[in-house]
Amino acid sequence: MRDSPVLVTCGLPYTNGPCHIGHLRTYVPADFYVRYLRRSGEKVVFICGSDNHGTPIVVNAERDGVTPRALSERYHIHFDQTFRRMGVLFDHFGMTDNPVNHHRTQSLVNRLIANGHVYSRVIQQSYCTKCGRFLPDRYVEGICPHCGSPARGDECDQGCGRHLEPGEIKEPTCMVCGTKAGFRDQEHYFFRLSEFKEFLLGYLEGLSGTLNARNYAMGWVKDELRDWCITRTLDWGVKFPGRDDLVVYVWVDAPIGYISFTEEWADETGVSWKDYWCREPTAITHFIGGDIIYHHCIFWPALLKGAGYGTPHAVVASGMLKVDGHKFSKSRGYVVWTNDDYLDKGLPADYLRYYLLSYTNHTKELNFSWKVFQERVNNELVNTLGNFVYRTLYFAHKEFGGVPDVPVRKEIVAEIDRSLAAIDRSMQEYEFKTAIDSMMGLAAYGNNYIQASAPWKLIKTDRDAAARVIKDCLILVQALALIFEPVIPEAAQEIWQMLGNADRIEDHQISGATGDVPPGPLPPPRPVFSKLEDAFIAEMDELLAKRVKEAGKKATKMKTIPFEEFCKLDIRTGKVISAEKVPKSNKLLKLRVDIGDEIRQIVAGMAEFTTPEEITGKPVVVVANLQPAKIFGIESNGMILAAGEQASLLMPEKEVPPGTKIR
RNA sequence: AGCGAGGUGGGGUAGUCAGGAUAUCCCGACGGGCUCAUAACCCGUAGAUCGAUGGUUCAAAUCCAUCCCUCGCUACCA
């Protein structure tokens, strides 16, 4: 048992869009973990809430013609309900815009100021006069000062990849309204993160959780820590103490939500939130997505330390989610919405919970495909687990009317014990997939046992022996219900009831898995899982394919290519050595072009606009590495660049030798 | 570019930190068994030079070095 009470949190969903299964990749394992701890006798409080501040919510609210608060509430309710439908049950689900969080954030920031961890500095910020607000760099686009490529405010994302400092970008434009943005001087406040380097190195050394979180953060801290700007010029958010024109950066008040939500919960239940947050060591475990590791392993512990709070005990970071092998992307259509695409189709939360938990290691990327989803549900949940439970209960009910009054074989209990130990080992290491493999292993053991013992044969010769076998199987079924409850809570409850229990399985502990099943009548069983039909899966696949196709149509209009693609083109100057008309063709000229290191034969469609005499001797621009093609039976090894319908030849302004590379 | 993660039979995936004999599990293929059960379940067979090369060792998927490939992240995006 730990000294401090156990607190588990999940990364806060941002209230600017609906829940998709990428979200669940973090929430389902967290819920699974919490349920497991509870089934193991641990007292746990499970806290989450919605993240409401920041520019994107202001922008989206304006677009929808509502207030940021109203937009936040809409999605807050949405997430709260969706999580419940998925069986992800928080003890409290708060909002970062609620008064308690405003108060806690200001209090914490004041302590940082009092402890000398905050200073002010004047910096330049992009400002859009039309929108009348300062723009986060993500909302600014322009030209990279280093390479001249189109770039984002913070990074030359399409060109040289360099990080851009505020004020560096040329021709800044507001991405919301498209007008020219300017720069304005503004006083901002910085957190002295650089002073926490030593602390963080020691802290990360002892941080529990998954290795990806620790390694990633460690590399960052060892490299360089810059001080962190913790204010924004925005109306929407938590006011920075003493400055009505500034709010704190959302990444400050969002994690503080973990504290304030604990406060809200503690107020309701009459306990002290300080027991969770104000003493070391804490028993705080954060479940987060892999993309926000540095916030939780660097900024957050430094803030807590600087303000005199306890620091988290563990950070458990999940890997990314893919759809059909593609990177999860709303704009490209590779998305599965939790409500529209899953729950509202009548699919059980249990199936998706099982898939998300059992697919792979928690820190690796997880691929969702309807086909694989169907395979795993049908083979593992329905066939292996569901069928063992059903054939056992069915046989017991049919032949004995319930649980026969016979003793249990020791080796069965020993096997369950082995499973429990293996599961617990895996859970301690946050190896959720391995834990579930052990669970499913027990179901396979059950199938094996009933198959080898063949009670349907025994019943004809030795009724008592058959009774003993089926009793053993009933013990296994009970054990399976208890150990699988954290994974598939609804199905576990159903099995629990079919074992003759009237109460909630949640009120029982996993250790009961080795206990007896009291003799007595059982209700008639029914299968707990049903198979996913091919037709249904095909339908879902079609829906996804359609969405991807439609997204593709939109995207082709403004498709960009990465710089690397452009680099593949070998464009250079050339000089036309000779030219002749291609026989039987109106448009084609056969050219011999000097491109520096060789003379190329190129067929060009410009006979209508120029004559062989005119073009001979002219400098031209050539794509030299185009795939060779046969035009009118004549091989063409490149392409002459010309503009427009009149095929106006492109040529260098100053004279350069043939073969000069064009960039 | 830097940092992080990964490359294991046809597909997916475990094992790598703490090196050891026939490399796990799910599917797929093939053959057999069983009939209590949701055409289920059980058994067996084929199939992997564990990304490449070199090294350490009695012994390497595992440790070390170099290289190739894939993905992710890179702070005044949330």
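Side chains included, hydrogens not; waters and symmetry mates left out as well; all remaining heavy atoms used. Just so we're on the same page: letters track the sequence lines, and every chain starts at 1.
In this structure, CG of A:L385 is placed 13 Å from C1' of B:C41, rounded to the nearest angstrom. Rounded to whole Å, the distance from CG on A:L381 to P on B:C26 is 14 Å. One atom, CG of A:N383, and another, C1' of B:C36, lie 16 Å apart when rounded to the nearest Å. Counting to the nearest Å, the C1' atom of B:G6 and the NZ atom of A:K322 are 11 Å from each other. If you measure from atom CG of A:N367 to atom P of B:U70, you get 19 Å, rounded to the nearest angstrom. If you measure from atom CD of A:E431 to atom C1' of B:U13, you get 13 Å, rounded to the nearest angstrom. In this structure, A:M498 places its CE atom 13 Å from P of B:U38, rounding to the nearest Å. Across the protein-nucleic acid pair, A:K531 atom NZ and B:U38 atom P stand 11 Å apart, rounded to whole Å.
With no hydrogens or angles considered, a side-chain donor-acceptor pair links A:E380 and A:Y354 at under 3.5 Å.
Comparing A:A444 and A:E380, the nucleotide of RNA chain B nearest to each residue sits closer to the 5' end for A:E380. When each of A:A443 and A:E399 is assigned the nucleotide of RNA chain B with its nearest heavy atom, A:E399 is the one assigned upstream, toward the 5' end.
Across all strands shown, B:C30 forms a Watson-Crick or G-U wobble pair, both distances under 3.5 Å, with B:G44. Across all strands shown, the partner of B:A1 is B:U74, judged by Watson-Crick or G-U wobble contacts whose two distances both fall under 3.5 Å. Applying the Watson-Crick and G-U wobble criteria (two distances, each under 3.5 Å), B:C67 pairs with B:G51.
Taking the six-membered ring where the residue is Trp, the centroids of A:Y189 and A:Y119 are separated by 6.0 Å or more. Between A:F432 and A:H362, a ring centre-to-centre spacing shorter than 6.0 Å is recorded. Checked against a 6.0 Å centroid threshold, the rings of A:F79 and A:F93 do not count as neighbours.
B:G7 sits 12 Å from B:A52 when the P atoms are compared, rounded to a whole Å. Look at the P atom in both B:C73 and B:A78: the space between them is 16 Å, to the nearest Å. Nucleotides B:G2 and B:C67 place their P atoms 11 Å apart, quoted to the nearest Å. Taking the C1' atom of each, B:U13 and B:U53 are spaced 27 Å apart, rounded to whole Å. B:G20 and B:C64: their P atoms are spaced 15 Å apart (whole Å). Nucleotides B:U57 and B:C63 place their C1' atoms 10 Å apart, quoted to the nearest Å. The P atoms of B:U62 and B:C17 are separated by 9 Å, rounded to the nearest whole Å. B:U24 and B:G12 have their C1' atoms separated by 13 Å, given to the nearest Å.
The residue A:P56 sits close only to the backbone: its heavy atoms come under 4.0 Å of sugar-phosphate atoms, none of a base. A:R232 comes within 4.0 angstrom of sugar-phosphate atoms only, judged by non-hydrogen atoms across all strands, and of no base. A:V382 comes within 4.0 angstrom of a base, heavy atoms only. Across all strands shown, A:Y394 has heavy atoms under 4.0 Å from sugar-phosphate atoms exclusively, and none from any base. Within the nucleic acid shown, A:N361 comes within 4.0 Å of sugar-phosphate atoms alone, with no base atom in reach, counting heavy atoms only. At a threshold of 4.0 angstrom between heavy atoms, the contacts of A:H53 are confined to the sugar-phosphate backbone, with no base atom among them. Here A:I292 lies in heavy-atom contact (under 4.0 Å) with a base.
Between the side chain of A:N447 and the main chain of A:T384, a donor-acceptor pair closer than 3.5 Å is present. In this structure, A:R353 contributes its side chain and A:V28 its backbone to no donor-acceptor pair below 3.5 Å. For the pair A:K531 (side chain) and A:N378 (backbone), a donor-acceptor distance under 3.5 Å is absent. Using modelled atom types, one side-chain atom of A:T15 and one backbone atom of A:D51 make a donor-acceptor pair closer than 3.5 Å. A donor-acceptor pair is defined here as one N or O able to donate and one able to accept, closer than 3.5 Å; no such pair exists between the side chain of A:H326 and the backbone of A:K322.
Of the candidates A:W300, A:W251, A:W228, A:W251 is the only one forming a ring pair (Phe, Tyr, Trp, His ring centres under 6.0 Å) with A:H295.
The side chain of A:Y390 places an N or O atom within less than 4.0 Å of a non-bridging phosphate oxygen (OP1 or OP2) of B:U38. Listed pair A:Y249 / B:C76 meets the phosphate criterion, a side-chain N or O lying under 4.0 Å from OP1 or OP2. Between A:T231 and B:C76 there is no side-chain N or O to OP1 or OP2 distance below 4.0 Å.
Side-chain N/O atoms of A:W251 and base N/O atoms of B:A78 include a donor-acceptor pair closer than 3.5 Å.
When the nucleotides B:C76, B:C42, B:C36 are ranked by their closest atom to the side chain of A:C229, B:C76 comes out on top. Comparing B:G12, B:C42, B:C76 by their nearest atom to the side chain of A:Y359 picks out B:G12. Ranking B:U38, B:C34, B:C36 by closeness to the A:K398 side chain, first place goes to B:C36. Comparing B:C76, B:A78, B:C71 by their nearest atom to the side chain of A:F190 picks out B:C76.
Taking 4.0 Å as the cut-off between side-chain N and carboxylate O, A:D64 and A:R74 count as a salt-bridged pair. The existence of a salt bridge linking A:R69 and A:E73 is confirmed by a sub-4.0 Å separation between a basic side-chain nitrogen and an acidic carboxylate oxygen. A salt bridge is defined here as a Lys NZ or Arg NE, NH1 or NH2 lying under 4.0 Å from an Asp or Glu carboxylate O, and A:R409 with A:D472 meets this definition.
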Which protein N or O atoms sit under 3.5 Å from an N or O of nucleotides 43-45 of chain B?
residue: B:C43; atom: OP1; partner: A:N448; partner atom: ND2; Å: 3.0

Restricting to nitrogen or oxygen on both sides, can you table the protein-nucleotides 3-5 of chain B pairs closer than 3.5 Å?
residue: B:A5; atom: OP1; partner: A:N215; partner atom: ND2; Å: 3.1

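Ring stacking is absent between A:F395 and B:C36, as the pair misses the limits of under 5.5 Å between centres and under 30 degrees between planes.
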